[in-house]
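So the structure is just underneath, and the comments pick up after that.
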There are 2 protein chains.
Amino acid sequence: MMASDVWKEYESNEISHSVAHHLTAIHELMGDLGYARVSDVARALEITRGSASLTLKALKARGLVLEDHNKFLKLSDDGRLIVDSILAKRAVVRKFLNEVLKLDEHQAEVDACKVEHLLSAQTGGQLLHFVYFLLSDDPTARQFLAEFWSKLDQNEEWQWPVQDVDQLFNLESR
Amino acid sequence: MMASDVWKEYESNEISHSVAHHLTAIHELMGDLGYARVSDVARALEITRGSASLTLKALKARGLVLEDHNKFLKLSDDGRLIVDSILAKRAVVRKFLNEVLKLDEHQAEVDACKVEHLLSAQTGGQLLHFVYFLLSDDPTARQFLAEFWSKLDQNEEWQWPVQDVDQLFNLESR
DNA sequence: AACCGATGTTTTGCTAATAAAACAACTGAT
DNA sequence: ATCAGTTGTTTTATTAGCAAAACATCGGTT
């Protein structure tokens, strides 16, 4: 069926990668510095002030960012809701990739960052349930993880579903 | 630390969402029709021929797509490697979301589609290992999944890590 | 031969997200 | 008071990805 009805939903995402990071930058700056101005956001994201100014102007127009009488920025209630959901998804994905799949922290951070704003709320919620149970002290979960990790370590004794996983995922490609 | 060194790696992705789907469209058309022309790709992706023509011209220049003497398209070896890795990641993610997290098929398809080309090869490989073991007939895996699903069903008896998962992930927000 | 439909390309225009540069306004030090 | 540095904005330009429209080509009908 070519799944042609699905792939365009990508762009229909109301929160772009860029917007997600402008918003979370404001959130983190408020925590780190206690305030957030256009220049602070630009510095945090390593873009020019001009670019940040334009994007933030649009976010103010969308009601996600509020401006002080002195140009100090703040998240609106809507903006904070969005940031909370993004950070929750990012944290869950990072935890799963790092603590379950045992990917190194940088890789987990990068992939979580790429994916965070794209996951549906349903997926985020279910993944949270799953990771929480998986990393709980439930003996079944403990045993399952121990077995999985041990298979990961000595994977020569394990019959993988495909002959060459590395090639399948282009691990060698350049 | 603001993680400002990470978030820009998003765009550094050599395979964009659009490119991923142009390539996989050619692959699927070759399977379905036995051939793939610019118009066929455009129809499959529901974009104009003009847009497809431009994108495919760039892909020919990058050596990922080859052109027949009669304007018939074909994936190069490099192009096929990329498509294989994308389809593998999409399949694994879809399987995980649908068969493990029990998300409905449409949601699983959409999220897998959004994410497929963004996952690193390492993440794809580890996830494949994980899902394969999780859905195997290993008794520990069986028991773990059974317990997880039963907790999913009667989640009022389970103490979730956060008070209100639905609100955290904006399940109510329009 | 004339026409019609499908195909491929090019040109123009649009939006999002960026950089770069020019500009204005404020701040602080001397 | 001036000068330097910081800040915010605007303008111009670029790139990716699309649409729309014009154009050319080819193939088959009549």
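In the text below, chain A, chain B and the rest are named by the order of the sequence lines, each starting its count at 1. As the structure is a computational prediction, the values presented were derived from the model and not from experiment.
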The side chain of [X] is closest to which nucleotide in this list: [options]?
X	options	value
Arg43(B)	dT7(D), dT7(C), dA17(C)	dT7(C)
Thr48(B)	dT7(D), dG17(D), dA20(D)	dA20(D)
Val38(B)	dT9(C), dA20(D), dT18(C)	dT9(C)
Ser53(B)	dT18(C), dT9(C), dC18(D)	dT9(C)
Arg49(A)	dT9(C), dT9(D), dC18(D)	dT9(D)

I want to check one thing: is the phosphate of [N], taken as OP1 and OP2, less than 4.0 Å away from some side-chain N or O of [X]?
X	N	result
Thr55(B)	dG17(D)	no
Arg37(B)	dT7(C)	yes
Lys57(B)	dG8(C)	no
Lys71(A)	dT9(D)	yes

Gap between atoms [atom1] and [atom2], on [X] and [N] respectively (whole Å):
X	N	atom1	atom2	value
Glu14(B)	dA16(D)	CD	P	14 Å
Leu56(A)	dT18(C)	CG	C1'	14 Å
His17(A)	dA16(C)	NE2	P	17 Å
Phe72(B)	dT7(C)	CZ	P	10 Å
Lys60(B)	dG8(C)	NZ	C1'	9 Å
Glu46(A)	dA17(C)	CD	C1'	16 Å
Leu54(A)	dT9(D)	CG	P	9 Å
Leu33(A)	dT6(D)	CG	P	16 Å

Inset, instruction - Would you mind telling me which residue lines up with the more 5' stretch of DNA chain C, Val19(A) or Gly50(A), judged by nearest nucleotide? - result: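 Closer to the 5' end of DNA chain C: Val19(A).
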Legend entry - Cationic N near anionic O, under 4.0 Å, Arg80(A) to Asp77(A):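 Here Arg80(A) does not pair with Asp77(A) in a salt bridge, since their nearest N and O are not under 4.0 Å apart.
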Inset, instruction - Go through the N and O atoms of the side chain of Ser16(A) and the base of dA16(C), and report whether any donor-acceptor pair is under 3.5 Å. - result: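 Not at all, since no donor on one side and acceptor on the other fall under 3.5 Å apart.
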Inset, instruction - Determine whether any donor atom in the side chain of Ser51(B) lies under 3.5 Å from an acceptor atom in the base of dA19(D), or the reverse, and answer yes or no. - result: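 Indeed, a donor on one side and an acceptor on the other fall under 3.5 Å apart.
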Taking atom [atom1] as the centre, does [X] end up with more than 12 heavy-atom neighbours from other residues, nucleotides or ligands that are less than 6.0 angstrom away?
X	atom1	answer
Glu67(A)	CD	yes
Lys74(B)	NZ	no
Lys102(B)	NZ	yes

Inset, instruction - Under the side chain to side chain contact (heavy atoms under 4.5 Å, CB included) rule, what do Arg142(A) and Asp137(A) come out as? Steps first, then yes or no, please. - result: CA-CA 6 Å; Arg142(A) 291 281 200 192; Asp137(A) 52 6; 4.1 Å; yes
Inset, instruction - Specify whether Phe96(A) and Phe130(B) have parallel, tilted or perpendicular ring planes, treating 30° as the upper limit for parallel and 60° as the lower limit for perpendicular. - result: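 If you compare the ring of Phe96(A) with that of Phe130(B), the planes turn out perpendicular.
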Inset, instruction - Would you indicate what His22(A) reaches in the nucleic acid, counting non-hydrogen atoms under 4.0 angstrom: base, sugar-phosphate, or nothing? - result: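 Touches sugar-phosphate only.
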